[in-house]
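Numbering of residues begins at 1 and proceeds along the displayed sequence. Side chains included, hydrogens not; waters and symmetry mates left out as well; all remaining heavy atoms used.
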Amino acid sequence: MFLLQQGENEGLNNQLNKVHHDLFNELSDHIERISLKYNYHPSRKVTIEVYPDLPSFHQAVGEADAPNWLWLISEINPKAPKWIRQGIGGYEAKQMTPNFIEVTTKEAINNLSIPTFDELDNDTWDFDTMKGFQFSYLFVKFVDQQYGIDHLNQLIRNLRILTVSFNVPRRNRIRRWLSL
């Protein structure tokens with residue numbers, strides 16, 4: 001999308017065109033990286049909407065106080081639980097520092113009050129209070145680093161891999177992986 005106005009603002013128009021060009025190149029690079037990483041090939045045209053800031057985006061999707069989302073996983077597997085969608089979103093966005101994750105999960109880990117996968121498959125705001133974003137991130141990071149992106153891709157598409165690959169029922173707690 002290029003905006004062009006005739007007249008005395010030609011220098012400004014050139015700057016806007018460069019900004020738009022750079023923005024679309026950056027978006028294209030990220031879309032290609034994520035698509036390759038998660039072996040995702042859109043079945044239809046993908047529309048990208050650009051908002052001036054995160055609160056405007058949240059307002060547009062009807063979630064004024066919402067956290068950041070990664071919608072790609074829902075497109076790949078509409079039945080993917082919230083913890084895997086949010087875990088991959090947080091892992092890819094890198095919006096939580098390792099220090100933040102450690103500080104905010106330390107008490108739950110020490111008290112062995114780590115949420116189960118079933119508890120993390122929660123579409124209420126309790127997800128945030130149980131540190132669901134952090135624990136989901138930690139699990140996705142663990143799978144990626146220990147087993148690789150191919151295994152994570154298989155997991156996104158078929159959660160039964162949890163019991164086969166890890167030999168652990170889904171209801172067990174994430175602490176099994178945190179202790180490794």
Side-chain angles (χ1 to χ4, degrees), residues 27-51 54 57-96 101 104-105 108-109 112-180:
L27 285 172
S28 178
D29 290 346
H30 286 292
I31 290 169
E32 186 173 331
R33 178 183 63 81
I34 296 289
S35 294
L36 288 171
K37 186 172 186 177
Y38 292 100
N39 193 23
Y40 170 70
H41 306 287
S43 57
R44 57 185 162 72
K45 182 178 179 180
V46 175
T47 302
I48 298 173
E49 297 181 14
V50 179
Y51 296 89
L54 196 54
F57 166 71
H58 289 161
Q59 188 68 32
V61 297
E63 298 279 349
D65 298 321
N68 298 329
W69 307 103
L70 182 66
W71 299 105
L72 171 71
I73 304 308
S74 295
E75 176 84 13
I76 292 172
N77 179 358
K79 294 181 180 180
K82 183 172 185 169
W83 61 264
I84 202 160
R85 294 188 322 262
Q86 293 299 342
I88 289 172
Y91 186 63
E92 287 299 327
K94 296 176 179 38
Q95 292 183 324
M96 294 183 285
I101 293 170
T104 57
T105 60
I109 292 169
L112 298 176
S113 59
I114 299 162
T116 64
F117 288 116
D118 287 335
E119 290 168 337
L120 288 172
D121 193 13
N122 179 331
D123 282 327
T124 71
W125 291 111
D126 290 341
F127 188 83
D128 185 42
T129 59
M130 72 175 81
K131 309 301 182 212
F133 296 103
Q134 294 91 317
F135 285 112
S136 298
Y137 169 98
L138 287 171
F139 179 72
V140 167
K141 178 181 174 183
F142 170 79
V143 171
D144 185 32
Q145 290 182 351
Q146 293 294 313
Y147 298 93
I149 192 64
D150 289 340
H151 197 84
L152 186 57
N153 271 305
Q154 291 172 15
L155 182 61
I156 293 166
R157 289 160 174 79
N158 181 2
L159 289 172
R160 286 181 288 207
I161 291 173
L162 273 176
T163 56
V164 173
S165 296
F166 301 112
N167 199 23
V168 176
R170 183 172 184 237
R171 67 182 175 276
N172 283 10
R173 296 184 181 271
I174 295 173
R175 71 174 163 255
R176 295 281 295 270
W177 292 283
L178 294 175
S179 66
L180 297 176

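Contacts of N77 classified as side chain to side chain donor-acceptor pair (under 3.5 Å), with partners at least two apart in sequence or in another chain: none. By the side chain to side chain donor-acceptor pair (under 3.5 Å) test, N39 is found to be paired with H41, residues two or more places apart in sequence or in another chain being considered.
When side chains are defined from C-beta on, Y38 counts as touching I88, because their heavy atoms get closer than 4.5 Å. Side-chain contact between L159 and P81 is present, with at least one heavy-atom pair separated by less than 4.5 Å. A heavy-atom distance below 4.5 Å is found between the side chains of P115 and F135. Considering only heavy atoms from C-beta on, V143 stays 4.5 Å or farther from V140 through its side chain. Looking at D128 and F133, their side chains come closer than 4.5 Å, going by heavy atoms from C-beta outward.
Listed for the Q154 side chain is no donor-acceptor partner under 3.5 Å among the backbone atoms of H151.
When each of L120, L155, D144, L152 is paired with F139, the side-chain contact (heavy atoms from CB on, under 4.5 Å) condition holds for L155 and for no other.
Salt-bridge formation is not detected for the pair E32/K37: no Lys NZ or Arg NE/NH1/NH2 atom is positioned less than 4.0 Å from an Asp or Glu carboxylate oxygen.
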query = Q134 and T104: side chain to side chain donor-acceptor pair (under 3.5 Å), yes or no, with the steps?
reply = CA-CA 8 Å; Q134 294 91 317; T104 57; 3.0 Å; yes

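Across all non-hydrogen atoms, the minimal contact from R157 to Y40 is NH2-N, 4.2 Å. Shortest non-hydrogen contact noted between E92 and R33 is OE1-NH1, 2.9 Å. For the residue pair S136 and W83, the shortest heavy atom distance occurs at CB-O, 3.1 Å.
With rounding to the nearest 0.5 angstrom, the CZ atom of F127 is 7.5 Å from the CE atom of M130. Annotation: the span from K82 atom NZ to D121 atom CG amounts to 9.5 Å, rounded to 0.5 Å. In this structure, the separation between CD1 on I84 and CZ on F117 is 8.5 Å, given to the nearest 0.5 Å.
K94 forms a cation-pi arrangement with Y91, by the criterion of a distance under 6.0 Å to the ring centre and an angle within 45° of the ring axis.
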